[in-house]
Asks: 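Below is a structure I'd like to ask you about.
Here, residue 1 is the first one in the sequence, and each next residue gets the next number.
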Amino acid sequence: MQNKNLLDIKGIFASYFKREILHNVSLEAKKKEIVGIIGPNGAGKSTLLKAIFGIIQSKGGNVKGKIIFDGKDITQSKPKENVKTGIGYLLQGGEIFSNLSVEDNLSLVIQNGAKGEINKRKEHIYSIFPKLEEIKKKRAGLLSGGERQMLAIGMILMLKPKLILLDEPTASLSQDMADMITNAILRIRKEEGTSILLVEQNIERSLKISDRIYLMRDGEIIGEGCPADLATGQKIKTLFYYQD
């Protein structure tokens with residue numbers, strides 16, 4: 001029987017400078033699925049994304065266990081290798097080239113690509129983020145926080161990833177801009193067929209758009225389930241030490 005999971009994480013332990021941060025973490029993401037990861041600050045959510053993408057390993061950290069992506073063991077793969085395999089990663093705050101225009105940032109992502117294909121991808125990005133087309137000649141260093149996030153996500157989409165790791169994509173944004181990013185995430189999943197692993201501090205937002213949720217605390221997965229069940233239960237309150 002064919003495995004329907006695009007991502008399988010099996011019992012990983014991750015450490016920086018001999019300090020273990022992730023403890024026996026296992027999770028999965030199916031094709032075309034949005035999987036949310038919820039937890040308080042310091043739970044290990046960002047570390048988990050970095051372990052998947054290969055950042056911890058490339059910076060001298062240690063990752064044990066298995067990370068299987070699209071049937072391939074990428075536990076020790078480097079970020080550049082994972083990009084080629086089909087993984088995109090949005091860091092907190094996004095990564096852009098500040099001295100280049102919005103349009104040039106998008107074009108630069110695809111190296112040695114046919115001009116027609118690059119332009120086609122850019123037009124698709126502009127359809128998802130119409131604001132970017134309005135400001136395509138603007139220097140990226142002058143963008144607002146929300147515009148910067150749109151551009152960073154757009155740059156990831158230029159490469160047609162199978163999986164996108166999003167680390168707090170709506171943090172510090174206005175309500176309108178956060179809603180715009182959220183709607184774009186849903187559209188990306190629908191139109192591109194992309195799987196998304198979402199770390200989001202806004203619990204309501206994560207519950208609203210995720211197909212499944214994992215709860216993290218102190219470097220461990222302490223629960224999982226569908227958003228509807230978790231929203232009406234006590235696990236999330238316990239996770240954040242809420243008091244009645």
Asks: Looking only at non-hydrogen atoms, find the nearest pair between M158 and L106 and report the distance.
Replies: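 Scanning both residues completely, I find the closest heavy atoms to be CE-O, 3.4 Å.
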Asks: Between T182 and R205, do the side chains contain an N or O donor and an N or O acceptor separated by less than 3.5 Å?
Replies: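 Short answer, yes.
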Asks: Working to the nearest 0.5 angstrom, can you tell me the gap between E33 CD and S210 OG?
Replies: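 Reported to 0.5 Å precision, the distance equals 9.0 Å.
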Asks: Could you go through the side-chain contact (heavy atoms from CB on, under 4.5 Å) check for K30 and L6 one step at a time?
Replies: CA-CA 5 Å; K30 297 179 176 62; L6 182 65; over 6 Å; no
Asks: Between L108 and L91, is there a shared hydrophobic cluster once you connect ILVMFWY residues whose side-chain heavy atoms come closer than 4.5 Å?
Replies: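 Linked within one cluster.
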Asks: Is there a path of hydrophobic side-chain contacts, each under 4.5 Å between heavy atoms of I, L, V, M, F, W or Y residues, that connects L157 with L159?
Replies: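 L157 clusters together with L159.
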Asks: Should F129 and L142 be regarded as members of a common hydrophobic cluster, given that ILVMFWY residues are connected when their side-chain heavy atoms come within less than 4.5 Å of each other, either directly or indirectly?
Replies: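 The answer is no; the residues belong to distinct hydrophobic clusters.
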Asks: Scan side-chain atoms only and decide if K122 and S107 contain a donor-acceptor pair under the 3.5 Å cut-off.
Replies: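 The criterion, which ignores hydrogens and geometry beyond distance, is satisfied for S107 and K122.
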Asks: Is any NZ, NE, NH1 or NH2 atom of the basic residue among K162 and D70 found under 4.0 Å from an Asp or Glu carboxylate oxygen of the other?
Replies: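 Yes, this pair counts.
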Asks: Would you say the side chain of Q149 lies within less than 4.5 Å of the side chain of P169, judging by non-hydrogen atoms?
Replies: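 The answer is yes, as the side chains (C-beta and beyond) meet within the 4.5 Å cut-off.
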Asks: Report the C-alpha separation of F69 and I67 in whole Å, then their side-chain angles, then the decisive distance to 0.1 Å, and conclude whether the side-chain contact (heavy atoms from CB on, under 4.5 Å) test is met.
Replies: CA-CA 7 Å; F69 173 70; I67 303 174; 5.6 Å; no
Asks: If you draw a 6.0 Å radius around NZ in K32, do more than 12 non-hydrogen atoms from other residues or ligands fall strictly inside?
Replies: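 Incorrect, the count does not exceed 12.
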Asks: Are side-chain heavy atoms of L230 and I213 found at a separation under 4.5 Å?
Replies: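 A side-chain contact exists here, since the closest heavy-atom pair is under 4.5 Å.
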Asks: So, do T85 and V83 sit near enough that their side-chain heavy atoms are less than 4.5 Å apart?
Replies: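 Not in contact.
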Asks: Between atom OH of Y214 and atom OG of S26, what is the distance when rounded to the nearest 0.5 Å?
Replies: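 One finds 8.5 Å between OH of Y214 and OG of S26.
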Asks: Before accepting this row, confirm whether a basic side-chain N of the pair E123/R121 lies closer than 4.0 Å to the acidic partner's carboxylate O.
Replies: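 No salt bridge links E123 with R121.
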Asks: In Å, rounded to the nearest 0.5 Å, how long is the span from CG of L49 to OG1 of T47?
Replies: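 Between atom CG of L49 and atom OG1 of T47 there are 9.0 Å.
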Asks: Kindly indicate whether the side chain of T194, heavy atoms from C-beta on, has any atom under 4.5 Å from the side chain of R189.
Replies: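 In short, these two side chains do not touch, never coming nearer than 4.5 Å.
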Asks: So does E220 pair up with K45, basic N to acidic O under 4.0 Å?
Replies: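 No, no charged N to carboxylate O under 4.0 Å.
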Asks: A side-chain contact here means heavy atoms from C-beta on lying under 4.5 Å apart; do E224 and L215 qualify?
Replies: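 No, side chains not in contact.
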Asks: Under 3.5 Å, is there a donor-acceptor pair between the Q175 and D179 side chains?
Replies: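 Distance-only check passes for Q175 and D179.
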Asks: For residues D73 and T75, is any side-chain donor paired with an opposing acceptor at under 3.5 Å?
Replies: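 Yes - a donor-acceptor pair under 3.5 Å links their side chains.
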Asks: Taking the side chain as C-beta and beyond, is there a heavy-atom pair between Y89 and I156 under 4.5 Å?
Replies: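 Of all side-chain heavy-atom pairs linking I156 with Y89, none is under 4.5 Å.
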Asks: Linking I/L/V/M/F/W/Y whenever their side-chain heavy atoms sit closer than 4.5 Å, directly or via other members, would F17 and L22 fall into one cluster?
Replies: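 Yes; tracing contacts between hydrophobic side chains, which count when under 4.5 Å, links both residues.
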Asks: Indicate whether the side chain of E168 and that of N202 have a donor and an acceptor atom separated by less than 3.5 Å.
Replies: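 Their side chains do not contain a donor-acceptor pair, so the 3.5 Å distance test is not met.
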Asks: Do I164 and V109 sit in the same hydrophobic cluster, where Ile, Leu, Val, Met, Phe, Trp and Tyr count as joined when their side-chain heavy atoms come under 4.5 Å apart?
Replies: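 Both belong to a single hydrophobic cluster.
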Asks: Can you find a heavy atom in the side chain of V102 that is under 4.5 Å from one in the side chain of L143?
Replies: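 Side chain of V102 against side chain of L143, heavy atoms only: contact under 4.5 Å found.
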Asks: Can you tell me how far the CG atom of L163 sits from the CG atom of L165, to the nearest 0.5 Å?
Replies: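 Answer for the CG-CG pair, L163 versus L165, is 5.0 Å.
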Asks: Would you call E134-K131 a salt bridge at under 4.0 Å N-O?
Replies: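 Salt bridge between E134 and K131, a charged N being under 4.0 Å from a carboxylate O: yes.
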Asks: So that I can tick it off, tell me whether E192 and K160 are bridged by a salt bridge, with the cut-off set at under 4.0 angstrom between side-chain N and carboxylate O.
Replies: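 Between E192 and K160 there is no salt bridge, as every charged N stays at least 4.0 Å from the carboxylate O atoms.
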Asks: Hey, does S77 have a side-chain heavy atom less than 4.5 Å from the side chain of N82?
Replies: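 In contact.
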